[in-house]
Every structure is written in structure tokens, then in C-alpha cells.
Number of protein chains: 2
Amino acid sequence: MPSRKSPAPRGTVTLALLAEQLGVHVSTVSRALSENPVGVSAETVTRVRQLAGEQGYRRNAAALSLRTGRTKMIGVMVPRLTDVVLATIYDGIDQTAIDAGYNTVVVNTRDRPDLQRSRLDLMLSRQVEGIIVGDSRTDSNLISELQGCGVPYVLVARRMPREISVSTDDLKGGRLAAEHLLSLGHRRIGIVAGDPHASTGAERTLGFRRAYAAAGYPPPDDYVIPSGFDVRSGREAGDHLLSLPRPPTAIFAASDFAAVGVMGAMRDRGLEAPRDVAVVGFNDLDVASELPTPLTSVHSPLFDMGALSMRVLLSLLRGRQVRSRLLQPTLYPRASTVGTSPGRTDADPPRRPEIGAKSARPAQVP
Amino acid sequence: MPSRKSPAPRGTVTLALLAEQLGVHVSTVSRALSENPVGVSAETVTRVRQLAGEQGYRRNAAALSLRTGRTKMIGVMVPRLTDVVLATIYDGIDQTAIDAGYNTVVVNTRDRPDLQRSRLDLMLSRQVEGIIVGDSRTDSNLISELQGCGVPYVLVARRMPREISVSTDDLKGGRLAAEHLLSLGHRRIGIVAGDPHASTGAERTLGFRRAYAAAGYPPPDDYVIPSGFDVRSGREAGDHLLSLPRPPTAIFAASDFAAVGVMGAMRDRGLEAPRDVAVVGFNDLDVASELPTPLTSVHSPLFDMGALSMRVLLSLLRGRQVRSRLLQPTLYPRASTVGTSPGRTDADPPRRPEIGAKSARPAQVP
DNA sequence: CTGAAAGCGCTTACAG
DNA sequence: CTGAAAGCGCTTACAG
């Protein structure tokens, strides 16, 4: 075996380069390196792979894609990855994609229609085979653009009429929160509503309001504050609600981080949860149960939601018939509403007490 | 103008297809569609672009890359995007990349050397022009693989000897936390150390220990608990520290979320910060200042760190000489150590009191 | 200003 | 089992 110059000589290692060194045709090298080498002698396969390994050969994905018309790439659109909710959903998507032999490429669109458009263009240029849409909004025409481009897609987290989606039953989640606060006797409640153009924010709020209205206590509009889903937005909305002439006795926030912001606003006014104001969050992130005042929250299965959306998309790519999925939310009552005194460790076993559906899993996509 | 069938007829719109419809050569179409059309009549440019718009033409990125040898893609490796610290750094990277005409593709490696390897391979197959490495570890040979592959790279957040990196001065950050707790009279402290194979965890811990040793109170090894950077790890390490025969009077956690976990462990034992145990976190995330008990934390400029790492990589790609950067940490004292009583809104104006450097920004890469 | 050709790196019928 | 050729969609010297 003659000693080679260096693992990666100068420039890239190509099939042609390997073929030349081995004295065989480039097509033979291609066959030997294919997943399942057929029509090549075992000996050739060994020789080729040996050299390819030594030289650090890596198949050029662009050439492969150009030739075969396939990329094995899935595009994922999210508003922002710095929101751990979306990051967790994406994690489920990515892991499921990898297990199925696909790779994902994710873009942040910051909930801005202009960025949705340009980032979608980018993904289409890169020939993604499918798209998972985590940033659909009622005030954007993203969906109609998607319809025109001929690439299969599935919505996740946020849904839209007549579109295939995988999401939490947010209407029900809002209702669970309302029923919990109603049962504790709260009549004047405030809502940190999240983004009204996202179905998550809109439906959590709607489910909550409907339940309160049905009980005879329809929340007035000025107790419903549109917001983002982050700490800062929650803080601002909380400041607003607590400054009302007759502040609410309980606040429902459409996200856990918004709820933390509400608690910050309370703290700075010398208010305590639940003594002065009860607080309910949404999503039940890890942080909720470990807060100094543990947060009552509506759990939604984020990782599973991402994973399922990917499985639905894979079915779609295989030409199967698919339908939308609604995952079940579960409310976990904690000290921010039911007022466990600090130190009573038995009163709040994390992740135990459930209200609502027995976290029934939807039937898997076949 | 004859009426067209549909915007995206069947299959993809290519240059050849446009050329045929216009009765010109494909190379003419290519020129007309190029960024800066040169050597084409203005009229042709208009005609071509008009039709391209109508037909929804999108340049095939694979073909472009194969032809030009350029991809304008930057790879980003992180342990996990569900850690908001990394997500924020990535956000800085991505925005800076876009502004410079590049796109990023990010991979999660979960701090597993095997995944580092396979995901790196993937990126190299996709012909990334540079890589930003957020997951370097002392127990992985990722760096030596990177050295052999001929693609420029820059480390971010975690650093390694003799490698170009952009990170926070974690040694100093640890020292700031130690000086703060020393000044409050704490002598027996516990450390939730983070991952010892990541320079962030190792150096924050080392800086802290050195300062305590220098003051005459070297922390014993069994008060230093290796951990992850998440809530759960912090919770477990906190449980451990608080169960010691002589529990610490203060705990330094290498991340804010780990600190929240520590506070959860305290709460379940009926302990309060800072009355029973003082707590210091690291990174100063948004959530830190809004917690029911606001968390004293060492701020590090995460978004800027990501952005700067991208600028350094861009310099490297332009063949310039670059050097490592160390960003300055700043300690923000809050109620978890200095015991502001709830309701005193003037005692903790978020983001105001500083200890340490005046957040001096490093000189920008030219 | 426009056309014709070559070629990026790869896979895949088609011969032999 | 191996070779030779075609072609994926694009850009870019090279002619005219």
C-alpha cells in the first residue's frame, strides 16, 4: 500500500478522483459506495470503500440531489427557536425525521409575513421535499403560497381551517383552566391572551372565555390583553391588568413564560399568588413545577406533537391519506392557585394530579 | 399574451422551460435572472423576469452549488436547541448570517460524540462553507476531525486550547459570583457545576473555587456537584447538596435553569432564599429577574456572542487573520442573595446594579 | 446582445 | 461484473 499524501489532499475528494487512483470507472466506484452495492464484486467494494475511507470521501449532496431529484430534506418553519415551546416541538420533529432517514432545515420567521415569504422561498430553492409549518397566522397568506408551490406540508401547534394540522386541543385547554379557577370561586379574571393571530393564543382565550360566559361570568374585553408568549409580554400585560380600577382575582396566561412575567408584576406590587391573585399558565414546561411558587399550568405534549407532525408528513410523502390530530391537554394544579404552603412536599407531587382527559394519545398514523 | 395553464404547471420550472417559452437560449435567461444582469438588453431582462415571476421560477440551489462550488451555507453545531442559552446564541448567529447573505443549517448533537461525528458528516456532505461549533467538549475528538476536513470553523460559548473561539469570560464570571457571596459572609458554599467536559461548566466552577480558595475557604470536592444545565439537573444536584450533613449556606449554579431547580429543591424542604440558602445563577436570562424570588445571576451577552462568532467566521472566510474573543460577564444582585423584601420595587430595578466590568465590548473584528 | 458548449459530481439504464 | 454515456439545472468563458 503506497503511502498517501494526506487524507484530504487539496480540494475535494470526488468519485472521479477515487476512480483514477483505483484504475476503475467512476460508475464502478459509485456502485461500490451505494447503500446496497449490487452488480459489483465483493472485492471491488472492499477496495473502493477502503480508499474512500482513507481519503475522507463524502458524497456531494448537491450532485446527488440534482441527479436523483431527491433531497431527503424537510423544511421546518417556526416563529422563533428561542421560545422553548417551539424548540421542543422542533426537537420532536428533528428526531423523528432523522429516524426516518430525513434531515431538517429550520427557519425563524419571527411571526413576520415578509420573513415567512422569504424563508419559504429559501427552503423551496433548497428543494425540501416537505414542510412543517409552526408559524401559521390568520393575518398572513403563507398558507395560500404553500398551496401553490406543490410541496406537501403539515401545520403544527397552530392550526387553520381546512388544513392538515397536529396541535393541542387549545379550546379544551382554555376551558380546563377556566373550570379550575371557577371551582376556586374566582369570578373576576384577567387573561393574558397571547397572539390573537395564532390559533394557540386565540383558542386558549376563546375556550377560557366561553367557559366563563357559560358559568354566567363573561370576561369583559378590557380584561383580555393581547400579548406575546414571552416573559416580557406577560410582565407588561400583568402590569396592565393589575392597574385596573378593579383588578382581577385570578389571571390566566396563554403561556408559562407569560405567567412568570405576570408573577413578576405581582411581586413588584407586593402581591402574592394565590393569596392576592391566582395565576395559571399554559404548556407546563419543566420550569413551572420548580418555581419558588409552583405554577398551575395546562400541560401540552410538545415533543410528541412535533414527532407526530413529522409522522403525518411522512405519510403524506408516501401518498397516504392523512387527517388532523388534536392532542389532549391536562391541567396540573399547583401552589399558584391552590395555595400549598411552602414545605408541604406531599401536597404537590410534580406531574401527578390531573384534571381533564387521561392524556389519551391519538391513534398513530398507520 | 397567451393564457398560461397554471403558475406551477407540473413538475418544476427550470431555466430551460422559461427559455423555450420565450424563444431564447437558456444562457440568456440565466443572465437576465442574475443578481446584476450584464450583457443583456433591458427589454430581455424585463420579459424574462416577468415570465419567471408568473411561473414561480426558483433557482435550483443544488444546481447552482454544483456549478459554482459555493453554497452560502454555514453549519452550526449545538448540544440542544431546547436550551434557551444555545437557542439565543443561534439566533445571533442566524441573523448575522442572513445579513451577510448566508444561510445557516443547525444540528443538535446532544453532547454525544457519536452524534457530533455523524451530524458533522452531514454538514460536510451539504458543502457548508464554514462551521460554528457550540458543542466542543474535552472528551470528544470533534475538533481534530474538524481540523482534518479543511472547512473553516469558530468555537462559540465553549472554548478549547489553541482554537479560535468567542465566549464569555467564564473564569471571571465564576469569580464575580464568589466575590458576591464572600462579601455577604458565606463560607460554606455548594456548587452545581454543570458539565465538567464543557469549558463553560468547568471554568465557571474553577473561577468560583479559586476565588474562595484565595479567600481561605477552599470548597471541598463533595460540595461540587457535576450536573447538566437544565432544571432537572439543578433539582437533583440541589437535593444532594441540601442533604449533606452540613448543608451549604449558599449555592452557585452554573446556569439559571439549574438555579431554578435548586430553588425547587429548597422549596420542598421549606427553605427560602436567601434566608436559609442564598442562590446565584448564570446567564441572567429574562426569566431570572421576574421569578417570584428574583435570581441573582451573572449576565453573559448570548445574542451578541452568537453574532460575534458569525462575524469572526465571516472574516476567516475572507481569509483574514482572526483571534479569539472573551466577552465580559456582569453580576446582577437580586433577592435570591441580598434578600429584598417583596414589594420593594425600588430595590431591584431590573438590569441596573452592576458588579464587575462595565460590560466593555470587545473591539469588533475589522 | 445572444447563442452554443462545457462541465460541476453524481447515478442509472444500456451494452458488453 | 465493469465501462461508457447521458443528463439532472445551472453558470460562464468563448464565439459571433
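Letters A, B, ... are given to chains in the order of the sequence lines, protein chains preceding strands, and every chain is numbered from 1.
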For S27(B) and for T68(B), find the nucleotide of DNA chain C with the closest heavy atom, then tell me which residue's nucleotide is more 5'. S27(B)

As a test of understanding, state which of N141(A), D135(A), D139(A) forms a side-chain hydrogen bond (donor to acceptor under 3.5 Å, both in side chains) with R137(A).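 For R137(A), the side-chain hydrogen bond (donor to acceptor under 3.5 Å, both in side chains) test succeeds with only one of N141(A), D135(A), D139(A), which is D139(A).
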
Would you indicate what [X] reaches in the nucleic acid, counting non-hydrogen atoms under 4.0 angstrom: base, sugar-phosphate, or nothing?
X      : result
T14(A) : sugar-phosphate
G39(B) : base
S41(A) : sugar-phosphate
T44(A) : sugar-phosphate

Atom pair distance, as rounded to whole Å: [atom1] in [X] and [atom2] in [N]:
X       : N       : atom1 : atom2 : result
N60(B)  : dG9(D)  : CG    : P     : 7 Å
E20(A)  : dA4(D)  : CD    : P     : 14 Å
E43(B)  : dC1(C)  : CD    : P     : 11 Å
L17(A)  : dC8(C)  : CG    : P     : 12 Å
Q127(A) : dC10(C) : CD    : P     : 18 Å
L33(B)  : dG9(D)  : CG    : C1'   : 13 Å
R70(A)  : dG9(C)  : CZ    : C1'   : 19 Å
L66(A)  : dC8(D)  : CG    : C1'   : 4 Å

Please determine, for the side chain of [X], which listed nucleotide ([options]) has the closest atom?
X      : options                 : value
V24(A) : dG9(C), dG3(D), dG3(C)  : dG3(D)
R59(A) : dA5(D), dA4(C), dC10(C) : dC10(C)
A63(A) : dG9(D), dA5(C), dG9(C)  : dG9(C)

Could you spell out the base pairing of DNA chain D in dot-bracket, with Watson-Crick or G-U pairs whose two distances are under 3.5 Å, [ ] crossing and | to another strand? |||.||||||||.|||

Any sub-3.5 Å donor-acceptor pair from [X]'s side-chain atoms to [Y]'s backbone N or O?
X       : Y       : answer
S324(A) : S165(A) : yes
S199(B) : R159(B) : yes
Q116(A) : T109(A) : no

So which heavy atom on [X] is nearest to which on [Y], and how close?
X       : Y       : value
A32(A)  : V40(A)  : N-CG2, 4.2 Å
P37(B)  : V45(B)  : CB-CG2, 3.9 Å
S136(B) : I143(B) : CB-CD1, 4.2 Å
Y90(A)  : N108(B) : CE2-ND2, 4.0 Å

So which one's nearest nucleotide on DNA chain D is more toward 5', V26(A) or V38(A)?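 Of the two residues, V38(A) wins.
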
Does R31(B) make a side-chain donor-acceptor contact with the base of dG3(C), cut-off 3.5 Å? yes

S30(A) vs dC10(C): side-chain N/O to OP1/OP2 distance below 4.0 Å: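 For dC10(C), OP1/OP2 do not have a side-chain N/O of S30(A) under 4.0 Å.
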
